[in-house]
Amino acid sequence: MDFDALRNADFSQLDDAVDDWSTMVKDLETLKEEAEKGLRGTANKAEWAGVNATVSKEFIGKTTEEFKDAHGQADSIYKILMDTRNELKLYKGQLVDAIERGRQKNLTVIGYEGGFTVTTNVPPEGRAKQDEDNKGEIIALRDEIQKILDKATESDKSASTVLTAIADQSKLGFSDANYGSRDEAAEAIKTADELARLAKKKPEDLTVEEFDRLNKGLKDYADDELFSERFATSLGPEGTLSFWTGINDPHSAWELGQKRVDQYDDLQKNLSLTLATASQSDNAGMTEWKSRMTDLADKPVGRNGGFPLGAQVMTNLMRFGDYDDRFLVNYGDKLIETEKKFTDNGRHGAWTRTGGDPLLNRTGTDSGWDPMTGYLKGLSNSPDAATEFFNGTFVTKDEDHDFKQDLDEDGKEAKRELSNFDYLFEERDWPQDVDDKGEDSIAGRNNLALALEAATTGHPAGETPTVDTPPHNPEQARLMENLVGSISENPGRLTDNGYMSDSMGQIASEYLADINRATADAPEGNDSVARLFPISGTPAEMQHVDVTRFLVAVGQDPEGYAAVEVSQKTYMARLMDHHLNPDLPADQRYDQSAEATVKEIARRSGEIGGTLALGRNEAVLGPAKEADGDFENAVNQKKNLISGTVGTLVGVGTSFIASPAVGAGVGGAAGTATSMVLEQFYRDSEPEFTKELGRDIGERWENSKDANTAMAHNAAVAAANAHHTPYADSVDEWTRIGTADGFNDASTAGHQMARDLETEIPD
């Protein structure tokens, strides 16, 4: 800060800027609240259909978030400007006071370009002697003024740094960087620089104390945008890979590993979260970082220019956090390219770890040497990227590969085109790996299931859909069709890897409208069935036989079974409430009588329940010998999750969220018809969810049918009573007939499946 610039500073323009930003913050806060309550609130209550369901509603949600980010960014800028203005005014006052105190001691301060000087206020001919006599006071005043200028310089510089950093975070729209003061933002950047310097050190030179400081700092600042971007760009792509490789190399970091290896999992998570946050920035530095990191995917980064490759290292730092979608997709393209190179276009496996190779993953689930395992875990947190990746192409028909398909009736073989989904789910030779207990690792395929859950549902794996989750789009629906078709073709793809079934069950629970439609066997374009099972977004068009095989496979796992069983019954209750509502608009009404409506809903739900029962029986009474208690516990946990939060939990399935069938219950508003129907349904159905099925096949089948009949009855009665319909006493017979027909359908389809697959389904 120049001496004369501070002494003569006019803060009027800065005052105006602070006032303007203060007004801007207030205006944006009003807009933010209006967007949240008005725009988004109205959109979430509206009955969307067609393009509006998949495009407009999502656009409104993103627009609302932009208002929120705009307010947060404006508030940060306002506080930074205000802090800086107030400090500079303070420093100017201190400078003026110091000059005045010097004047009273007959000292004068003279400014010049680039500096200032302190001297005695006497004629030039006597000044040298007076300066010598007053040397102590001159030095004291000079040092005092210099300290004031240094603090003013730091204030101005830090303000410039953080304001530039905030502005650079997003080229389009606004970032969600939000700081309470200028010092808070400046401290984030300062800490990032310090920790990046530690991470650049050779692993053997990094002390335990420095490791602890680095680990704690990354944890504290992992979701801070300015910190994360500064840390990542300061460390650089090569530095990032070298750091994680070196830390895990026992030859390089032997002493550190001895004392802190038990905290490597925390460091992996904290570093992953930090890099994920940084990836959301689209400033020039991070854009270059992401591009360079992608280029390094197939380059050796180990000691002496050997393995591991960049992808083997970086994908282990993708397991946590929400990475930028475009970066993930681009990285996935490069990873597939690398996979094809090392497997000869999928002809054989790769990525097997040998005994001397260091661990690259510290979560305990696997060694980290298969880059696809960590990458798929990253995709499970980023639904849009996952959808795009799985629908991408692995090999075309024109490439050199060995994947064949029957071309015509003569069985002539031709090359097959494989999507990334086809290759990973059906064809990939997954490398053998072990977990930290020495047992065979399931992480690769399990992460594949999690990534598919995100890709088909539109929300991160392990979460439930919210009112803001968009309805299924064409890419998600197409992937669902492929998934169901693949498991139908070879159920062993799921049953041989039962740990994937929890994700498959969750996926199915969010496509229940589509699954119910498939079991109805309606002719193509049947508008009546479309109204009976309304779908907001793009329907997944599935064959009845494929759905049957899929559900039998899912039903053989307790968690998969529970996800579909409980969700289907919840869906049925909502559907009864929707169709028995006398105020339902004519263009949304099923074009049959109330009796036919109840029977058809109960029949379709009965078939799904019966099909799941076939899978459960196969698991319990077949070679696997699963315990009935595991199924009951899983059902209870799922039921408690939904029934215990009827007033707050969003309804089952994104394909149903914005449809009229959800009605007012979409937000869980207490006192609505849907809420009351569900509360009564769960209360009355409690014993049915835990009913003992018995060991005899026939007895188990009848008990399952009785339980499903009772639940259909409870749902229909609750809906009929809630809407004061005149036929409440008749629904018992309707649901009994409908459920019985549905179980007959399930039995017929199940035995046809057994004949097709040459397996046995218990009678």
Side-chain angles (χ1 to χ4, degrees), residues 192 195-196 198-200 203 206 211 214-215 217-219 221-224 227-249 253 261 263-281 286 289-302 307-332 334-335 338 351 353 357-382 385 443-444 447 450-451:
L195 298 186
L198 293 181
K200 289 177 182 178
L206 191 66
F211 175 92
L214 178 59
N215 197 14
L218 292 173
K219 179 180 180 181
Y221 282 97
D223 60 353
D224 186 296
F227 168 88
S228 299
E229 182 271 328
R230 185 79 165 211
F231 175 83
T233 53
S234 296
L235 185 56
E238 289 87 352
T240 301
L241 299 176
S242 295
F243 170 69
W244 188 244
T245 305
I247 282 287
N248 286 284
D249 187 346
V261 69
Q263 296 182 26
Y264 279 15
D265 55 343
D266 290 333
L267 178 63
Q268 180 180 356
K269 178 179 180 179
N270 297 332
L271 180 55
S272 180
L273 289 171
T274 298
L275 296 177
T277 301
S279 73
Q280 299 294 338
S281 171
M286 272 311 297
W289 187 96
K290 288 180 279 191
S291 176
R292 179 59 181 158
M293 184 63 82
T294 302
D295 289 340
L296 292 170
D298 60 350
K299 307 295 190 301
V301 297
F307 280 84
L309 301 182
Q312 292 176 285
V313 179
M314 184 59 206
T315 53
N316 285 293
L317 302 177
M318 290 179 169
R319 294 179 184 239
F320 303 92
D322 180 13
Y323 274 84
D324 172 63
D325 288 340
R326 183 42 46 197
F327 170 59
L328 275 181
V329 172
N330 290 342
Y331 202 91
K334 184 69 173 183
L335 184 56
T338 306
W351 315 116
R353 175 176 177 258
D357 294 328
L359 291 174
L360 296 174
N361 170 49
R362 293 292 177 170
T363 67
T365 60
D366 58 284
S367 69
W369 273 74
D370 180 1
M372 200 61 72
T373 300
Y375 177 72
L376 290 169
K377 185 62 173 66
L379 284 183
S380 74
N381 300 321
S382 302
N447 288 352
L450 292 171

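In this chain, numbering begins with 1 at the start of the sequence shown.
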Flag side-chain contact, heavy atom, 4.5 Å: [X] against [Y]:
{"X": "Arg353", "Y": "Leu359", "result": "yes"}
{"X": "Ser367", "Y": "Trp351", "result": "no"}
{"X": "Ser272", "Y": "Tyr323", "result": "yes"}
{"X": "Leu328", "Y": "Leu379", "result": "yes"}
{"X": "Phe327", "Y": "Met286", "result": "no"}
{"X": "Met314", "Y": "Tyr375", "result": "no"}
{"X": "Thr365", "Y": "Thr373", "result": "no"}
{"X": "Phe307", "Y": "Asp357", "result": "no"}

Worksheet entry | Under-4.0 Å salt bridge between Asp266 and Lys219 |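 Judged by the 4.0 Å cut-off on N to carboxylate O distance, Asp266 and Lys219 do not form a salt bridge.
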
Report yes or no: does [X] contribute a side-chain atom to a donor-acceptor pair with the main-chain N or O of [Y] at less than 3.5 Å?
{"X": "Thr274", "Y": "Ser228", "result": "no"}
{"X": "Trp289", "Y": "Ser234", "result": "no"}
{"X": "Ser281", "Y": "Glu229", "result": "no"}
{"X": "Lys299", "Y": "Asp295", "result": "yes"}
{"X": "Lys290", "Y": "Ser279", "result": "yes"}

Fill in: Residue pair Arg362 / Asn316, side-chain donor-acceptor N/O under 3.5 Å
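There is no such pair between these side chains.
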
Practice prompt. Would you tell me whether Asp366 and Asn361 have side-chain atoms, one donor and one acceptor, within less than 3.5 Å of each other?
Written response: yes

Worksheet item: Tell me, which pairs form a salt bridge (Lys or Arg N to Asp or Glu O under 4.0 Å) where one or both residues lie in residues 239-248, sequence neighbours left out?
Response: none

Kindly compute the distance separating [atom1] ([X]) from [atom2] ([Y]), expressed to the nearest 0.5 Å.
{"X": "Thr315", "Y": "Leu360", "atom1": "OG1", "atom2": "CG", "answer": "8.0 Å"}
{"X": "Asp249", "Y": "Trp244", "atom1": "CG", "atom2": "CH2", "answer": "12.5 Å"}
{"X": "Gln263", "Y": "Leu267", "atom1": "CD", "atom2": "CG", "answer": "9.0 Å"}
{"X": "Asn215", "Y": "Leu198", "atom1": "CG", "atom2": "CG", "answer": "12.0 Å"}
{"X": "Thr294", "Y": "Arg326", "atom1": "OG1", "atom2": "CZ", "answer": "11.0 Å"}
{"X": "Ser242", "Y": "Lys200", "atom1": "OG", "atom2": "NZ", "answer": "11.5 Å"}

Item to complete: Quick one: sort the Tyr221 and Phe227 rings into parallel, tilted or perpendicular, breaks at 30° and 60°.
Response: parallel

Practice prompt. Determine, stepwise, if the pair Val301 / Leu309 fulfils side chain to side chain contact (heavy atoms under 4.5 Å, CB included).
Written response: CA-CA 6 Å; Val301 297; Leu309 301 182; 6.0 Å; no

Item to complete: Taking all heavy atoms of Leu235 and all of Ala199, pick out the closest pair and write down the distance.
Response: CD1-CB, 3.8 Å

Worksheet item: If you look at every heavy atom in Gly217 and Leu195, which pair is closest and at what distance?
Response: CA-CD1, 3.6 Å

Practice prompt. Test side chain to side chain contact (heavy atoms under 4.5 Å, CB included) on Asn270 and Phe320 and set out the steps.
Written response: CA-CA 8 Å; Asn270 297 332; Phe320 303 92; over 6 Å; no

Worksheet item: Can Arg319 and Lys269 be said to form a side chain to side chain contact (heavy atoms under 4.5 Å, CB included), step by step?
Response: CA-CA 8 Å; Arg319 294 179 184 239; Lys269 178 179 180 179; over 6 Å; no

Practice prompt. For side chain to side chain donor-acceptor pair (under 3.5 Å), just list the numbers for Ser382 and Asp322, CA-CA rounded to whole Å, side-chain angles, deciding distance to a tenth of an Å, and then say yes or no.
Written response: CA-CA 6 Å; Ser382 302; Asp322 180 13; 2.8 Å; yes

Worksheet item: Quick one: ring pair (Phe, Tyr, Trp, His ring centres under 6.0 Å) partners of Phe211, sequence neighbours excluded?
Response: Tyr264

Discussion item. Would Thr277 and Phe231 count as a side chain to side chain contact (heavy atoms under 4.5 Å, CB included) here? Give the steps.
Written reply: CA-CA 11 Å; Thr277 301; Phe231 175 83; over 6 Å; no

